[in-house]
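Atoms within each ligand, like the ligands themselves, are counted from 1 in listed order.
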Amino acid sequence: MTTRDQAIDYLQLIDGELLPARNGEWIDSVNPASGQVWARIPAGTADDIDDAVRAAQGALGPWRSLPAAARADALRAWAATVRDNLDTLWRLDATDNGRARREAEPAIAGAAAQIDFHAGLAETITGDTVLVSETATTYSIREPYGVVGLIIPWNAPLAMFLAKVSAAIAGGNTIVVKPPERASVSVLAAAQLLDKAGIPHGVVNVVTGDGATAGEALVKHPDVRKISFTGSTATGRRITENSVCNVKALALELGGKSPNIVFADADLDLAADTVAAGIYTASAGQACIAGSRILIQREVFDEFVERLRARASAMILGDPLESGTDMGPLAFHGQYQKVREYLQSGREDGATVAFGGRCGSALFPAESPFAAGYFVEPTLFVTDDPHLRVCREEIFGPVAVALPFEDEDEAVRLANDSGYGLAAGVWTQNLTRGHRLTRRLEAGTVWVNTYRRLHWALPFGGQKESGNGISNGPGTLDEWLEHKSVWIEHG
Ligand code: NAD
């Protein structure tokens with residue numbers, strides 16, 4: 001790391017070396033709370049990706065040949081160094097993308113625990129013995145793909161990097177990571193800890209840069225066997241098109257527009273706390289599983305909206321590094337602009353603003369350092385029309401829409417009327433109905449009387465256009481392993 005004009009320069013990691021981009025170009029990292037440039041990352045291109053893939057190829061043989069216990073030991077050492085550096089890492093993450101400390105710190109601590117979980121799984125990679133003939137021994141084994149690529153978004157870059165990379169290398173793969181150009185700093189800092197943990201050079205490589213250059217080069221690289229992508233559905237489609245060159249395996253974890261369904265018989269206080277947290281304090285709505293469509297049974301609609309208003313008005317917006325802050329800013333200027341456009345679109349399409357709707361300098365006194373930051377206050381649109389853009393498109397900000405429903409069938413119809421299928425919440429004291437809805441809702445995760453609870457031991461993935469990747473759970477290494485069948489004829 002070097003300092004130039006107050007911005008700190010962070011470097012890529014290729015074959016254990018910290019390097020600028022081959023072309024010498026840089027991308028500014030802006031602190032979204034203040035609007036000021038605070039760091040720079042290399043603007044890597046296809047040349048850097050090629051170097052990184054070669055490094056990963058070089059490291060593959062020795063790494064996959066290590067006894068699983070040795071890979072597990074290296075992962076545990078990595079988890080320990082992440083814990084030792086937790087304070088530095090969450091601060092970098094929160095400074096870079098504005099995620100409030102109350103979210104950023106536990107997410108990274110959780111990811112360190114997940115590395116340990118993956119270390120355990122490394123020692124349990126099994127195959128099946130399937131005896132299909134009297135004259136042969138037949139079985140299957142699971143093997144690493146080889147060199148794999150990981151592309152991640154900016155809303156939780158470091159936690160995702162730690163979780164995904166540890167699963168990939170636990171399975172014996174080596175990896176090239178392309179972090180998000182809007183928030184790569186914490187990933188670059190964490191990559192420097194790999195050496196301290198004794199993970200051999202070239203096993204994990206990190207190349208920063210734009211999606212259209214570094215990202216596409218990784219997806220099109222003929223020696224990369226699989227891409228795991230987390231990001232928007234639009235980019236997921238583009239990656240699918242670009243991966244056909246060598247029929248690459250793909251795992252896609254994409255966007256969402258998740259319904260949170262509140263029945264009249266719910267514990268409305270608990271529901272209001274959790275529904276509000278599920279869209280507002282959830283990284284200011286920049287969470288794939290944000291509960292952005294709030295479906296409320298008509299008889300309690302007005303009352304529940306009032307409860308949400310009370311929660312939202314008590315939320316503290318401000319410095320992401322302060323532990324008392326509920327909501328930081330949006331992660332970068334482009335996202336801030338996009339959310340403001342949705343605020344306008346909702347109004348123009350006839351939705352009513354039940355509360356919120358103010359942004360930026362309207363929220364802080366002119367002398368505040370945050371007056372130039374990308375802040376949006378918790379906002380709720382109310383409408384009867386599920387066809388509005390704000391009801392259908394992923395906004396990825398602290399903007400929810402509330403729609404009324406009459407009965408369970410209408411709630412299910414509205415909830416499932418979306419191209420997305422990532423998550424859903426149900427609030428009811430009738431657990432028979434709760435169980436029934438877990439089957440009827442088209443979503444990779446359904447919560448009943450809670451929301452946004454994830455655990456590394458429970459599978460997580462999307463249905464429909466929310467993707468096909470599965471992370472977490474006892475089978476999480478499956479995403480990184482291929483099957484091979486063996487038939488030994490012995491007569
Ligand atoms: P994005 O799709 O714009 O970018 C994600 C990553 O893809 C970035 O690293 C970017 O550089 C890269 N990229 C962009 N174009 C590319 C291309 N043509 N080829 C290769 N790489 C390319 O997404 P974003 O705006 O960074 O993140 C927000 C999205 O991520 C939301 O839709 C959110 O729902 C989704 N998300 C999903 C999950 C999940 O688990 N399902 C988790 C977090 C975020």
Side-chain angles (χ1 to χ4, degrees), residues 27 41 43-46 49 96-97 99 103 107 111 149-161 163-164 176-184 187-188 206-221 224 227-245 248 250-258 279 282-292 330-339 393-397 418-423 443-445 452 454 456 459-472 476 479:
I27 296 173
I41 59 165
T45 64
I49 290 287
D96 216 19
N97 77 353
R99 197 179 192 199
E103 290 263 317
L150 174 68
I151 300 177
I152 47 179
W154 41 262
N155 60 335
L158 181 53
M160 225 173 280
F161 169 80
K164 295 272 184 186
V176 177
V177 183
K178 211 300 282 172
E181 57 272 36
R182 305 295 176 192
S184 290
V187 170
L188 292 175
V206 182
V207 175
T208 49
D210 286 333
T213 47
E216 292 221 356
L218 182 59
V219 173
K220 289 179 177 169
H221 201 292
V224 174
I227 292 284
S228 169
F229 168 73
T230 303
S232 65
T233 298
T235 307
R237 284 197 187 94
R238 175 108 185 113
I239 285 176
T240 304
E241 286 163 13
N242 283 335
S243 64
V244 295
C245 54
K248 253 184 206 74
L250 281 184
L252 304 173
E253 297 189 10
L254 308 175
K257 187 76 180 175
S258 299
I279 175 70
S283 299
Q286 301 162 109
C288 54
I289 51 176
S292 52
L330 299 185
F332 61 99
H333 190 257
Q335 187 61 19
Y336 179 57
Q337 286 291 81
K338 181 181 154 194
V339 172
E393 297 175 16
E394 184 183 44
I395 298 174
F396 225 55
S418 170
Y420 293 113
L422 193 56
T445 298
R452 213 167 156 255
L454 301 175
W456 50 85
F460 173 74
Q463 298 185 351
K464 296 155 81 179
E465 289 172 29
S466 291
N468 58 18
I470 285 288
S471 42
N472 303 350
T476 190
E479 182 160 316

Scan the side chains in residues 206-214 for donor-acceptor partners under 3.5 Å anywhere in the protein, sequence neighbours excluded, and list what turns up.
| unit_1 | atom_1 | unit_2 | atom_2 | d |
| --- | --- | --- | --- | --- |
| Thr208 | OG1 | Pro42 | O | 2.6 |
| Thr213 | OG1 | Asp210 | O | 3.3 |

If you scan the protein for heavy atoms around atom 7 (O) of ligand 1, do you find one that is closer than 4.0 Å?
yes
Test Ile49 against Val224 for side-chain contact (heavy atoms from CB on, under 4.5 Å), laying out the working first.
CA-CA 10 Å; Ile49 290 287; Val224 174; over 6 Å; no
Residue from Thr230, Leu254, Leu422 passing side-chain contact (heavy atoms from CB on, under 4.5 Å) with Cys288:
Leu422
Sole candidate of Val177, Val219, Thr235 that passes side-chain contact (heavy atoms from CB on, under 4.5 Å) when paired with Ile151
Val219
Using the test salt bridge (Lys or Arg N to Asp or Glu O under 4.0 Å), find all partners of Lys257 that sit at least two apart in sequence or belong to another chain.
none
Among all protein heavy atoms in this structure, tell me which lies nearest to [atom], with the distance rounded to 0.1 Å.
atom: atom 41 (N) of ligand 1; answer: Leu254 O, 2.7 Å
atom: atom 42 (C) of ligand 1; answer: Cys288 SG, 3.1 Å
atom: atom 24 (P) of ligand 1; answer: Trp154 NE1, 3.3 Å
atom: atom 18 (N) of ligand 1; answer: Glu216 OE2, 2.9 Å
atom: atom 27 (O) of ligand 1; answer: Pro153 CB, 3.2 Å
atom: atom 20 (C) of ligand 1; answer: Gly215 C, 3.3 Å
atom: atom 17 (C) of ligand 1; answer: Gly211 O, 3.5 Å

[X], portion touching ligand 1 at heavy-atom distance under 4.0 Å:
X: Arg238; answer: side chain
X: Ala214; answer: neither
X: Ile152; answer: backbone
X: Glu394; answer: side chain
X: Arg182; answer: neither
X: Ile289; answer: neither

Under the side-chain contact (heavy atoms from CB on, under 4.5 Å) rule, what do Met160 and Glu253 come out as? Steps first, then yes or no, please.
CA-CA 11 Å; Met160 225 173 280; Glu253 297 189 10; over 6 Å; no
Euclidean distance, [Y] [atom2] relative to [X] [atom1], rounded to 0.5 Å:
X: Phe229; Y: Lys164; atom1: CZ; atom2: NZ; answer: 11.0 Å
X: Ser243; Y: Leu218; atom1: OG; atom2: CG; answer: 11.5 Å
X: Leu158; Y: Asp96; atom1: CG; atom2: CG; answer: 10.5 Å
X: Ile227; Y: Leu250; atom1: CD1; atom2: CG; answer: 7.5 Å
X: Ile41; Y: Ser184; atom1: CD1; atom2: OG; answer: 3.5 Å
X: Gln286; Y: Leu330; atom1: CD; atom2: CG; answer: 4.5 Å

Is there side-chain contact between Pro157 and Pro179, with heavy atoms separated by less than 4.5 Å?
no
Residue pair Pro180 / Ile152, side-chain heavy-atom distance below 4.5 Å:
yes
If the cut-off is 4.0 Å to any non-hydrogen atom of [X], which atoms of ligand 1 fall inside it?
X: Ile151; value: 6 (C), 7 (O), 9 (O), 12 (C), 20 (C), 21 (N)
X: Asn155; value: 43 (C), 44 (C)
X: Phe229; value: 2 (O), 5 (C), 6 (C), 7 (O)
X: Glu253; value: 37 (C), 39 (C), 40 (O), 41 (N)
X: Phe396; value: 28 (C), 31 (C), 33 (C), 34 (O)
X: Pro179; value: 9 (O)

Of the listed options Ala234, Gly231, Ala423, Pro180, closest to atom 35 (C) of ligand 1 (non-hydrogen atoms)
Gly231
Geometric N/O contact [X] with ligand 1, under 3.5 angstrom:
X: Asn242; result: no
X: Glu181; result: yes
X: Thr235; result: yes
X: Ser232; result: yes
X: Asp210; result: no

Hey, mind stepping through Arg182 and Asn97 against side-chain contact (heavy atoms from CB on, under 4.5 Å) and telling me if it holds?
CA-CA 8 Å; Arg182 305 295 176 192; Asn97 77 353; over 6 Å; no
Taking the non-hydrogen atoms of Ala156, is any one of them nearer than 4.0 angstrom to ligand 1?
no
Of all the heavy atoms in Met160, does at least one lie under 4.0 Å from an atom in ligand 1?
yes
Is it the case that the side chain of Lys248 and the backbone of Asn242 share a donor-acceptor pair, with hydrogens and angles ignored and the cut-off at 3.5 Å?
no
